[in-house]
Amino acid sequence: MEDERNGGLFETEVGGKWRRAYRVFATTVLVSIIWIWVYRATQAPAGYRRWVWIGMFAAELWLGLYWLLTQSVRWNPTYRRTFKQRLSQRYENELPAVDIFVCTADAVIEPPMMVISTVLSVMAYDYPPEKLAVYLSDDGGSELTFYALTQAAVFSKHWLPYCRNYKVEPTSPASYFKSASHPSDSTHRQDFTVVQRLFEEMKNRIENVTKNGRVPEELRLEHQGFAEWDSFTSSRDHEAIVQILLDHNQDTEGHSLPKLVYMAREKRPDHFHNFKAGAMNALIRVSSVISNAPIILNVDCDMYSNSRDTVRDALCFFMDEEKGHEIAFVQYPQCFDNLTKNDVYSGCLRIIREVDFHGFDGLGGPLYVGTGCFHRREILLGKSFGDGSRIDWKMENNHKETTENLIEKSKDLACCTYEIDTEWGNEIGLKYGCPVEDVITGLSIHCRGWKSVFYNPKREAFLGVAATTVDQILVQHKRWSEGDLLILLSKYSPAWYGIGRADPGLLMGYMIYCLWSPSSLPTLYYTIVPSLCLVNGVSLFPLVSSVWFIPFAYIIVSITTFDYLEFLGSGGTTRGWWNDRRIWLYKRTSSYLFALLDTILGSDLSFVISSKVTDNDLRERYEKEMMEFGGSSPLSTMVVTVSMVNLVCFLGFVMKLVSMDTETLKAYYETMAVHIMLCVVFVVLNVPLYLALFVRTDKGKVPSSVTVKSVSFSLFICTLFYFM
Ligand SMILES: O=c1ccn([C@@H]2O[C@H](COP(=O)(O)OP(=O)(O)O[C@H]3O[C@H](CO)[C@@H](O)[C@H](O)[C@H]3O)[C@@H](O)[C@H]2O)c(=O)[nH]1
Ligand SMILES: [Mn+2]
């Protein structure tokens, strides 16, 4: 039994049952890594092989040190549990207000119907609605999205009571009606039918309008807010729009509804808008005059709420009497509702969620990763940890003004000149200048002395849309790895700025992500050079019979086994692990490499928004777990080229094999075992890609332009190396 009167609002468990055993294992791996370094340092051959050898040494040095960094998050895994009973017993009447920000930016790849389902889902939390305010920031400035939101405002009057009465989960109507079966209880069934009909009608209206691409005149008359679009030129050139759609109006049962606000900040072609960070900062300001809640939750427009308890869970951390005052933000994991069983694109981020972030939590707290994160408003505004860090939960909003005044004021706060000559984007609010505004902002908060908490409840708190093509996943990871590398080079670098300001273990953890992109080089070297050497018989590894072989064999076997077990232990499947390894390779040799090049060349900051729509044709293949290679970006060309180099080397090796007698074969194996293994593994890993290159005929196959380029590149590389 929970003792409700005593004890904290949350509990922390450090360790996990395997921690001791893991530490012993990690030590053996470290010994082997050093052993390999010694081998490289002392056994270098002469001649041109020396250079190839030095390359191997450099790669192994890097990968070994990188492995050391990854130990930080495996050292002290930490798990949290909350006591919502206690929260409500002690504080039910003093619960703080919460502002919820939903961000959208493009009505085409983020369909309005999806956006409002997310909005409705977060309106329906099990939380006093008069304390909730939901803001939709629309960087697309789309009247289609606005129209959808007006419809959602009306529908919420039915949806929220329904969710409350039947404790519905998930509270996203789109997701609920997709999977819910007709309830057996008869009143519930009646209500279900009514609400479902209202939902379908709304959906039809919205989808019709979206399909036509404009809101018809007669519908525009339904809401005076459409007048804002009269002066509208384009999504990149328009005035600030702020509309309060619900001001704690009543639902059909007379209960209050949350506030609901639409905001499209001003956009002008000659003002850089700083992507999501800019939107968040405008939201922070606009909400400060409208509701000014001390707690802020932010979600991306696809990340609907899947659990009614999330707000209360988060508050258990912030309001804990003993530790609450040190916690700046509570991050929930990013989970997805469109994953297939074996997760072909490894979109689930399984190890990040089940291993890395629990590790971070033991070191001072997880990174801020954008969506699914609760913040304390004053800390986002730049407050440092110190004496005054006990929070004033009643932080009243003293703007008792008319709605017109409020809206005028808000528009000023959302105009693009507002931030000129201010500290916004620098000392105040989310940081600018980095494609991962979230991570850099979280880091600066950690460096100001705050902690954060990772809460990973059994029932996922938020569910979003994961990538469904190779190109999408590569582009997303390019943005992430480029952003993380920029953090390393930024003012807030964990490699220098952070030292002395944050826990060294935590900084090591940050470094894992910051070094994603440079890690592409050693990985690329390892994926192609040993395979190339296989053909001309140049050995870069010790003889199978020598003692030097031991650390290589040990590392290969033990790390692979460990990786596999860790993946299964985190809830993955065997094929899921294999898919994860493939995507790992693709990200490392392509996304991360291009991120590195872009950073070195200093390309302009960009933010390619992830598409959240799939057409039926694609969805069918996705559900069959066929990889989608349809793109022709340099990113996928790179992936195909690397896989082709391995295939060509493998074929060259097979041809060589055929002409060998048993004696030569034995000697060859003795010297080339590791090369053979690496090449074979890469080839087997790439089988789905080869099928997409040479066998498949559907739209997901590799486009012929990419095939031509990649095949020629790879033949060129192999020939060049062969004659070297
Ligand atoms: O100019 C922009 C661009 C994007 N967004 C919104 O930002 C969110 C994230 O964009 P998405 O394309 O879905 O990127 P992801 O890679 O899936 O997002 C992760 O990574 C981003 C940083 O790269 C963070 O901003 C996100 O919160 C985090 O979920 C979406 O809601 C967008 O609508 C804006 O509001 N304005
Ligand atoms: Mn996203």
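All values reported here derive from a predicted model rather than from experimental measurement. In each ligand, atom 1 is the first atom listed, and ligand 1 is the first ligand listed. We number each residue from 1, following the sequence as shown.
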Review point. How far is atom 31 (O) of ligand 1 from its nearest protein heavy atom, and which residue and atom name does that atom have?
Key: Cys103 O, 2.7 Å
Check your understanding: Checking Ser172 side chain against Tyr304 main chain: does a donor-acceptor pair fall under 3.5 Å?
Key -> no
Practice item. For Gln476, counting its heavy atoms only, list the atoms of ligand 1 lying under 4.0 Å from any of them. Key: 15 (P), 16 (O), 17 (O)
Point to revise | Electrostatic pair Arg621-Asp617, nearest N-O below 4.0 angstrom | key: yes
Practice item. Could you please spell out the steps behind the side chain to side chain contact (heavy atoms under 4.5 Å, CB included) verdict for Asp580 and Phe567? Key: CA-CA 9 Å; Asp580 177 72; Phe567 195 85; 3.8 Å; yes
Check your understanding: Between Phe318 and Phe374, is a side chain to side chain contact (heavy atoms under 4.5 Å, CB included) present by the stated rule, with each step listed?
Key -> CA-CA 9 Å; Phe318 290 124; Phe374 286 81; 3.7 Å; yes
Check your understanding: Heavy-atom distance under 4.5 Å between the side chains of Ile206 and Thr210, does that happen here?
Key -> yes
Check your understanding: Looking at Lys612, which atoms of ligand 1 are within less than 4.0 Å of one of its heavy atoms?
Key -> 11 (P), 12 (O), 13 (O)
Practice item. Check whether any N or O atom of Asn298, backbone or side chain, sits under 3.5 Å from an N or O atom of ligand 1, and answer yes or no. Key: no
Exercise for review: Only heavy atoms count here, so choose which of Val115, Asp139, Asp302 is nearest to atom 36 (N) of ligand 1.
Suggested key: Asp139
Check your understanding: Of the options Phe329, Tyr368, Tyr492, Tyr497, which is the one that meets His446 in a ring pair (Phe, Tyr, Trp, His ring centres under 6.0 Å)?
Key -> Phe329
Check your understanding: Would one find more than 12 heavy atoms of other residues, nucleotides or ligands at under 6.0 Å from atom NZ of Lys203?
Key -> no
Exercise for review: Please report the shortest heavy-atom distance between Leu406 and Val289, naming the atom on each side.
Suggested key: CD1-O, 3.5 Å
Point to revise | Heavy-atom pair of closest approach, residues Val465 and Asp302 | key: N-OD2, 3.0 Å
Point to revise | Residue and atom name of the nearest protein heavy atom (relative to atom 32 (C) of ligand 1), distance in Å to one decimal | key: Glu110 OE2, 3.4 Å
Check your understanding: How far apart are the closest heavy atoms of Glu625 and Asp343, and which atoms are they?
Key -> OE2-N, 3.5 Å
Exercise for review: From atom 4 (C) of ligand 1, work out which of Phe275, Phe101, Trp480, Phe607 has a heavy atom at the shortest distance.
Suggested key: Phe607
Check your understanding: Would a distance-only check, ignoring hydrogens and angles, find a side-chain to backbone donor-acceptor pair under 3.5 Å from Ser493 to Ser490?
Key -> no
Study note, to complete from the structure: So the atoms of ligand 1 within less than 4.0 Å of a heavy atom of Glu437 turn out to be 22 (C), 24 (C), 25 (O)
**Study point:** Atom indices of ligand 1 within 4.0 angstrom of Gly370 heavy atoms, with elements
**Key:** 27 (O)
Practice item. Quick one: look up the protein heavy atom nearest atom 28 (C) of ligand 1 and list residue, atom name and how far away it is. Key: Asp300 OD2, 3.4 Å
Exercise for review: Report, in ascending order of atom number, the atoms of ligand 1 lying under 4.0 Å from any heavy atom of Thr104.
Suggested key: 33 (O), 35 (O)
Check your understanding: Which ligand 1 atoms, with their elements, are less than 4.0 angstrom from a heavy-atom of Pro435?
Key -> 22 (C), 23 (O)
Revision key, fill the gap. The protein heavy atom nearest to atom 14 (O) of ligand 1 is Arg479 NH2, 3.2 Å
Exercise for review: Could you list the atoms of ligand 1 found under 4.0 angstrom from a heavy atom of His273?
Suggested key: 1 (O)
Practice item. Check Asp438 against ligand 1 and report side chain, backbone, both or neither, counting heavy atoms closer than 4.0 Å. Key: side chain
Point to revise | Shortest protein heavy-atom distance from atom 12 (O) of ligand 1, along with the residue and atom involved | key: Ser610 N, 2.6 Å
Review point. Considering only protein heavy atoms, which is closest to atom 7 (O) of ligand 1, and at what distance to one decimal place?
Key: Lys276 CD, 3.3 Å
Point to revise | Arg265 side-chain N/O to His273 backbone N/O, donor-acceptor pair under 3.5 Å | key: yes
Point to revise | Cys301 near ligand 1 by a heavy-atom separation under 4.0 Å | key: yes
Practice item. Have a look at Ala467, Ala105, Ala466, Ala279 and point out the one with the heavy atom closest to atom 5 (N) of ligand 1. Key: Ala105
